[in-house]
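The basis for the numbers below is simple: all heavy atoms, side chains too, and nothing from hydrogens, waters or symmetry mates.
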Amino acid sequence: MEHRYFDLVVIGGGIAGISSVYHLLKNGFRGSIALLEGQDRIGGRIFTSKTRFEETKIEMGANWVHGIIGNPIYDILSNKRLVDLVSETNKSSYNVQAKTIDGKDASSYFVQKVYNAYSNIFKRSTLFYKNPDDNIISSYQDSLGKYLRCEIDKWINNEVKDDNVVEVVKALFTSLLKRETCISGTHSMDDVSLQYIGAYDEYSGGNITVNS
């Protein structure tokens with residue numbers, strides 16, 4: 001069995017691993033580098049595939065660029081003409097809709113009210129990064145999930161007086177929390193730090209998609 005030796009080994013051929021090797025070489029690293037990837041391709045979440053019919057390309061993941069102002073990813077894609085500046089997500093307002101479990105439209109009034117309330121609660125949670133309150137953070141065990149649920153319960157108790165809509169409102173909040181796990185890439189928001197969620201910063205300028 002042949003043994004090969006390298007000065008540096010990078011584990012994982014996703015965008016982080018590829019970027020690490022790229023920047024090392026760009027900044028003058030002269031040693032030998034091994035990039036190890038467990039799959040039969042590199043790219044990780046970035047994966048352009050083709051349909052079985054007409055060989056149409058389809059993006060399987062990571063085809064969104066969140067924010068274009070000062071975003072180095074956008075600069076790279078723009079130079080290669082791989083992005084489309086026309087984006088529906090650049091609209092300043094969103095038409096949020098929801099349906100109940102029996103397929104009926106949920107009250108647009110409460111849907112928008114819950115959506116706005118959740119957005120405000122989440123924004124408040126991001127303030128602890130620059131202005132930490134040790135008492136509050138420790139009381140929630142540094143758990144964003146615990147904080148959000150507590151603030152949501154307070155809001156429901158203060159704002160919802162009709163018992164007939166409480167369950168619908170709770171379901172709407174639950175849906176938003178589940179969506180948040182997808183955005184944060186976690187199984188549960190309980191695993192996300194309350195103190196450091198504010199460290200995540202988004203580029204401005206709207207969202208765009210990579211052309212297939």
Side-chain angles (χ1 to χ4, degrees), residues 45-47 49 51 58-69 71 83-129 136 139-212:
R45 291 180 58 205
I46 301 175
F47 180 29
S49 185
T51 62
I58 182 172
E59 298 295 341
M60 303 301 292
N63 62 318
W64 284 66
V65 179
H66 299 277
I68 64 175
I69 299 176
N71 189 333
V83 290
D84 183 2
L85 287 178
V86 179
S87 174
E88 290 298 320
T89 57
N90 284 332
K91 293 180 179 179
S92 59
S93 61
Y94 297 87
N95 182 19
V96 185
Q97 298 178 328
K99 290 183 178 294
T100 60
I101 195 171
D102 56 3
K104 297 180 180 179
D105 290 331
S107 167
S108 59
Y109 170 78
F110 279 107
V111 170
Q112 193 63 55
K113 196 174 179 66
V114 167
Y115 184 83
N116 292 338
Y118 177 82
S119 298
N120 291 331
I121 291 172
F122 192 88
K123 287 178 182 177
R124 289 202 301 271
S125 73
T126 65
L127 301 178
F128 293 113
Y129 175 62
I136 293 179
S139 67
Y140 292 107
Q141 300 175 306
D142 195 22
S143 168
L144 176 60
K146 289 182 173 63
Y147 174 84
L148 292 176
R149 288 194 299 272
C150 182
E151 292 299 303
I152 287 171
D153 287 342
K154 290 179 182 177
W155 186 90
I156 292 175
N157 290 333
N158 292 330
E159 299 292 332
V160 183
K161 306 303 181 182
D162 188 347
D163 293 338
N164 295 322
V165 299
V166 169
E167 292 305 315
V168 173
V169 168
K170 287 182 177 179
L172 290 170
F173 274 116
T174 298
S175 178
L176 290 171
L177 285 171
K178 289 181 178 179
R179 186 192 68 161
E180 202 67 53
T181 62
C182 298
I183 296 173
S184 299
T186 182
H187 174 70
S188 169
M189 295 310 295
D190 289 348
D191 299 328
V192 179
S193 170
L194 172 60
Q195 180 174 354
Y196 291 103
I197 186 61
Y200 180 83
D201 194 16
E202 294 186 12
Y203 290 105
S204 58
N207 301 325
I208 58 175
T209 56
V210 180
N211 293 331
S212 296

Could you state the interatomic distance from CD (Glu202) to CD1 (Ile69), rounded to the nearest 0.5 Å?
13.0 Å
Parallel, tilted or perpendicular: which fits the ring planes of Phe173 and Tyr118, with parallel below 30° and perpendicular above 60°?
tilted
For Phe47, look at atom CZ and say whether over 12 heavy atoms of other residues, nucleotides or ligands are found less than 6.0 Å away.
yes
Hey, is CD on Glu159 packed in by over 12 heavy atoms from elsewhere, all under 6.0 Å?
yes
I need the single residue from Arg124, Lys123, Lys146 that forms a salt bridge (charged side-chain N to carboxylate O under 4.0 Å, His left out) with Glu151. Which is it?
Arg124
Are the side chain of Ser175 and the backbone N or O of Ala171 linked by a donor-acceptor pair below 3.5 Å?
no
Shortest non-hydrogen contact between Val111 and Ala98, atoms and distance
CG2-CB, 4.0 Å
Leu172 and Phe110 have their tightest heavy-atom pair at CD1-O, 4.1 Å
Rounded to the nearest 0.5 Å, what separation is found between the OG atom of Ser193 and the CD atom of Gln141?
12.5 Å
Shortest non-hydrogen contact between Trp155 and Val160, atoms and distance
CZ3-CG2, 4.0 Å
Surrounding NZ of Lys170 (heavy atoms of other residues, nucleotides or ligands, distance under 6.0 Å), is the total greater than 12?
no
Between Ile68 and Tyr203 the two heavy atoms that sit nearest each other are N-CB, 4.5 Å
So for atom NZ, which belongs to Lys161, do other residues, nucleotides or ligands contribute more than 12 heavy atoms lying within a distance under 6.0 Å?
yes
Taking Ser188 for the side chain and Asp190 for the main chain, is one N or O donor matched with an acceptor at less than 3.5 Å?
yes
Taken to the nearest 0.5 Å, the spacing of Leu148 CG from Asp153 CG works out to 11.0 Å
Would Ile152 and Leu177 count as a side-chain contact (heavy atoms from CB on, under 4.5 Å) if you check the C-alpha gap in whole Å, the side-chain angles of each, and the deciding distance to 0.1 Å?
CA-CA 10 Å; Ile152 287 171; Leu177 285 171; 4.0 Å; yes
Do Ile197 and Phe122 touch side chain to side chain, with heavy atoms closer than 4.5 Å?
yes
Testing the basics here: between Met189 and Leu144, what is the closest heavy-atom pair and its distance to 0.1 Å?
CE-CD2, 3.4 Å
With side chains defined as the heavy atoms from C-beta onward, is the minimum distance between Ser108 and Gln112 less than 4.5 Å?
no
OG1 (Thr126) and OH (Tyr200) are apart, to the nearest 0.5 Å, by 12.5 Å
